[in-house]
Amino acid sequence: MSKIKIIIFLIFTLTFVQFSYGDSIEIKVKINDEIITNLDIENETKYLLYLNPKLIELEKSKIEDLARNSLIAEIIKKIELEKFFDFTNNNQLVNKIEKQLIKKRNISSVEDYKKILKDKDLDYFIVKEKLLIETLWNKLIYDKYKDNVVINKEELR
């Protein structure tokens, strides 16, 4: 009888250990004080697949590489943007961009948009921050280089 109890105990213990190791978090990249974990890469993969469902056709390792590189670029952009912009005072800008995205995707309301993100296992506020970072980055690049662009209207005609 005691052997059976020991065997059952070992089975439960080994099962628990297996499940606990399956959800372990690993640091994949560190940039300054920011870290990127395997969980961050997994979430970014979901985000990228939401933006472009055709990515599912790629190999899993390629998608993970895209997600990792996307997160690295995002962190670098955010570090640079914090030198020029106050992230707390850009709610109107990100709301405007969000409304444009909702309209472009033919979504009827912000609540429906939030539901779609939840169904895709995406956090609404993280997606909103990503929109803000991309918008501010585009604004920074435009403001910095707009005077360097010369358009020859005659040549375009």
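None of the values given here were measured: they were computed from a predicted structure.
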Student check: side-chain heavy atoms of [X] and [Y] closer than 4.5 Å:
X	Y	answer
Leu81	Ile133	yes
Leu136	Leu93	yes
Leu132	Lys128	no
Leu71	Val29	no
Tyr113	Leu101	yes
Tyr124	Val110	yes
Ile79	Ile75	yes

What distance do [X] atom [atom1] and [Y] atom [atom2] have between them, rounded to the nearest 0.5 Å?
X	Y	atom1	atom2	value
Glu64	Leu66	CD	CG	10.5 Å
Ser70	Ile36	OG	CD1	9.0 Å
Glu42	Lys46	CD	NZ	5.0 Å
Ile31	Ile76	CD1	CD1	5.0 Å

**Asked** Under the salt bridge (Lys or Arg N to Asp or Glu O under 4.0 Å) criterion, do Arg68 and Glu44 qualify, and how do the steps go?
**Response** CA-CA 8 Å; Arg68 180 177 24 271; Glu44 185 71 7; over 6 Å; no
**Message:** Quick test of your reading of the model: are Lys62 and Asp65 salt-bridged, counting only N-O distances below 4.0 Å?
**Reply:**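 Answer for the salt bridge query: no.
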**Lys/Arg-Asp/Glu bridge criterion (N-O < 4.0 Å) met for Lys114, Glu98** =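 Salt bridge absent between Lys114 and Glu98.
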**Request:** Would you indicate whether Lys77, at its atom NZ, is surrounded by more than 12 heavy atoms from other residues, nucleotides or ligands within a distance under 6.0 Å?
**Result:**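 Atom NZ in Lys77 is packed in, count exceeds 12.
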**Prompt:** What do you reckon, is CG of Asp86 surrounded by more than 12 foreign heavy atoms closer than 6.0 Å?
**Reply:**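 Yes, enclosed.
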Do [X] and [Y] sit in the same hydrophobic cluster, where Ile, Leu, Val, Met, Phe, Trp and Tyr count as joined when their side-chain heavy atoms come under 4.5 Å apart?
X	Y	answer
Ile35	Tyr47	no
Phe125	Leu122	yes
Leu140	Tyr145	yes
Ile126	Ile97	no
Leu131	Phe84	yes

**Item:** Verdict with reasoning, Asn138 to Thr135, per side chain to side chain donor-acceptor pair (under 3.5 Å)
**Value:** CA-CA 5 Å; Asn138 291 342; Thr135 302; 5.9 Å; no
Looking only at non-hydrogen atoms, find the nearest pair between [X] and [Y] and report the distance.
X	Y	result
Asn38	Glu26	OD1-N, 2.8 Å
Ile41	Ala67	O-CB, 3.7 Å
Ile63	Ile56	CD1-CA, 4.2 Å

**Message:** Under the side-chain contact (heavy atoms from CB on, under 4.5 Å) test against Tyr50, which residue among Val127, Ile116, Asp119, Thr45 passes?
**Reply:**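 Of Val127, Ile116, Asp119, Thr45, side-chain contact (heavy atoms from CB on, under 4.5 Å) with Tyr50 is met by Ile116 alone.
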**Message:** Out of the candidates Glu129, Glu134, Glu34, only one should pair with Lys78 under the salt bridge (charged side-chain N to carboxylate O under 4.0 Å, His left out) rule; please name it.
**Reply:**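 Exactly one option meets the salt bridge (charged side-chain N to carboxylate O under 4.0 Å, His left out) with Lys78, and it is Glu129.
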